[in-house]
**Student:** 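What follows is a single structure, and I will ask about it in a moment.
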Amino acid sequence: QVHLVESGGGLVQAGGSLRLSCAASGRSFNSYAMGWFRQAPGKEREFVAAIGWTGAITYYTDFVKGRFTISRDNAKNTMYLQMNSLKPEDTAVYYCAATTGVGPSSRDYDYPYWGQGTQVTVSS
């Protein structure tokens, strides 16, 4: 079992940056593959990025490649999402998720553990 808490969201102008954090409590954080997802108003939840147990393997959805970077610090039980060159269409609630069942995945149903979400709003 792992408990996840996101932080770092806020209001930023287009072109700006934010860094989201996902703090995990519980045992064996380094045994969890982790992911970031987001959900905009009126839209389905969508995959953003995922990272493997050691951080060596990362995946991104096309619309964030080159702008977002996922990373983790297993010593601090924390995962990060550095978001640069933000666009108004990045506005959403961002969720972190964890799984031990599979490696880093883009499918939300592979993740049994979820945080409560943090709001990111990008103004034009």
Side-chain angles (χ1 to χ4, degrees):
Q1 189 87 15
V2 64
H3 181 62
L4 305 173
V5 179
E6 302 95 336
S7 62
L11 173 64
V12 64
Q13 289 188 333
S17 298
L18 283 174
R19 187 175 81 155
L20 305 184
S21 298
C22 174
S25 59
R27 303 193 313 181
S28 303
F29 175 72
N30 59 4
S31 68
Y32 290 89
M34 305 288 293
W36 286 100
F37 292 78
R38 69 188 188 186
Q39 187 167 21
K43 295 187 177 181
E44 293 187 351
R45 186 166 56 191
E46 61 183 359
F47 169 72
V48 176
I51 189 167
W53 302 275
T54 66
I57 297 174
T58 58
Y59 297 115
Y60 298 90
T61 191
D62 286 346
F63 54 76
V64 305
K65 283 181 180 177
R67 300 190 298 125
F68 292 9
T69 303
I70 189 171
S71 62
R72 66 191 295 165
D73 186 338
N74 287 343
K76 296 182 178 180
N77 283 9
T78 303
M79 175 180 66
Y80 304 98
L81 185 68
Q82 177 66 44
M83 306 186 295
N84 299 328
S85 302
L86 282 161
K87 304 175 181 180
E89 51 264 43
D90 294 317
T91 295
V93 177
Y94 284 71
Y95 298 90
C96 67
T99 181
T100 58
V102 297
S105 171
S106 62
R107 302 182 298 247
D108 58 0
Y109 55 79
D110 282 332
Y111 294 86
Y113 306 109
W114 292 82
Q116 83 290 348
T118 186
Q119 176 70 48
V120 171
T121 303
V122 185
S123 63
S124 57

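Because the structure is a prediction, the values reported are computed rather than measured.
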**Student:** Parallel, tilted or perpendicular: which one describes the rings of Trp114 and Tyr95, with boundaries at 30° and 60°?
**Tutor:** perpendicular
**Student:** Which distance, rounded to the nearest 0.5 Å, do you find between the CG of Leu20 and the OG1 of Thr78?
**Tutor:**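 Answer for the CG-OG1 pair, Leu20 versus Thr78, is 12.5 Å.
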**Student:** Indicate the atoms forming the closest heavy-atom contact of Ala14 with Ser124, along with that distance.
**Tutor:**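 Scanning both residues completely, I find the closest heavy atoms to be CB-CA, 4.4 Å.
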**Student:** Can you find a heavy atom in the side chain of Met79 that is under 4.5 Å from one in the side chain of Ile51?
**Tutor:** yes
**Student:** Taking C-beta and beyond as the side chain, do Thr91 and Gln119 meet within less than 4.5 Å on heavy atoms?
**Tutor:** yes
**Student:** According to the salt bridge (Lys or Arg N to Asp or Glu O under 4.0 Å) rule, which pairs have a member within residues 4-19, sequence neighbours left out?
**Tutor:**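 As it turns out, there is no salt bridge (Lys or Arg N to Asp or Glu O under 4.0 Å) pair with a partner in residues 4-19 once direct neighbours are skipped.
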**Student:** Going by salt bridge (charged side-chain N to carboxylate O under 4.0 Å, His left out), name the residues that satisfy it together with Lys65, two or more places apart in sequence or in a different chain.
**Tutor:**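 Lys65: salt bridge (charged side-chain N to carboxylate O under 4.0 Å, His left out) contacts with Asp62.
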**Student:** Please name all residues satisfying salt bridge (charged side-chain N to carboxylate O under 4.0 Å, His left out) with Arg72, sequence neighbours left out, ordered by chain then number.
**Tutor:** none
**Student:** Just to verify, what does Glu89 make a salt bridge (charged side-chain N to carboxylate O under 4.0 Å, His left out) with, not counting sequence neighbours?
**Tutor:** none
**Student:** Please round to the nearest 0.5 Å and tell me the distance separating atom SG of Cys22 and atom OH of Tyr94.
**Tutor:** 15.0 Å
**Student:** With clusters defined by side-chain heavy atoms of hydrophobic residues (ILVMFWY) lying less than 4.5 Å apart, directly or transitively, does Phe68 cluster with Phe37?
**Tutor:** no
**Student:** Holding to side chain to side chain contact (heavy atoms under 4.5 Å, CB included), I want the full list of residues that pass it with Thr61, two or more places apart in sequence or in another chain.
**Tutor:**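 For Thr61, the residues satisfying side chain to side chain contact (heavy atoms under 4.5 Å, CB included) (neighbours in sequence not counted) are Phe47, Phe63, Val64.
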**Student:** Would you say Gln1 and Tyr113 make side-chain contact, with heavy atoms under 4.5 Å?
**Tutor:**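 SC-SC contact between Gln1 and Tyr113 confirmed.
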**Student:** State, to 0.1 Å, how close Tyr60 and Thr69 come at their nearest heavy-atom pair, and which atoms those are.
**Tutor:** OH-CA, 3.4 Å
**Student:** Could you state the interatomic distance from CD (Gln82) to CZ (Arg67), rounded to the nearest 0.5 Å?
**Tutor:** 12.0 Å
**Student:** Using a 3.5 Å distance criterion without hydrogens, assess whether the side chain of Asn74 forms a donor-acceptor pair with backbone atoms of Trp53.
**Tutor:**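 Yes: the side chain of Asn74 pairs with the backbone of Trp53.
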**Student:** Can you see which heavy atom on Ser85 is nearest to which on Ser17, and at what distance?
**Tutor:** N-OG, 4.4 Å
**Student:** Taking all non-hydrogen atoms of both residues, which atom of Tyr32 and which atom of Ala98 are closest, and how far apart?
**Tutor:** CD2-CB, 3.8 Å
**Student:** Check this for me: Gln116, atom CD, are more than 12 non-hydrogen atoms of other residues, nucleotides or ligands nearer than 6.0 Å?
**Tutor:** yes
**Student:** In chain order, what residues pass the salt bridge (charged side-chain N to carboxylate O under 4.0 Å, His left out) check against Asp73, with sequence neighbours excluded?
**Tutor:** none
**Student:** Look up atom OH in Tyr80 and atom SG in Cys96, then write down how far apart they are to the nearest 0.5 Å.
**Tutor:**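 Reported value, rounded in 0.5 Å steps: 12.0 Å.
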**Student:** Looking only at heavy atoms, which two atoms of Ile57 and Pro104 are closest? And how far apart?
**Tutor:** CG2-CG, 4.0 Å
**Student:** Rounded at 0.5 Å granularity, tell me how far OG1 in Thr118 sits from CZ in Arg38.
**Tutor:**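 Here the interatomic distance stands at 14.0 Å.
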**Student:** Look up atom CG in Leu4 and atom OH in Tyr111, then write down how far apart they are to the nearest 0.5 Å.
**Tutor:**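 One gets 11.5 Å once the value is rounded to the nearest 0.5 Å.
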**Student:** If you take all heavy atoms of Met83 and Leu86, which pair is closest and at what distance?
**Tutor:** CB-CD2, 3.8 Å
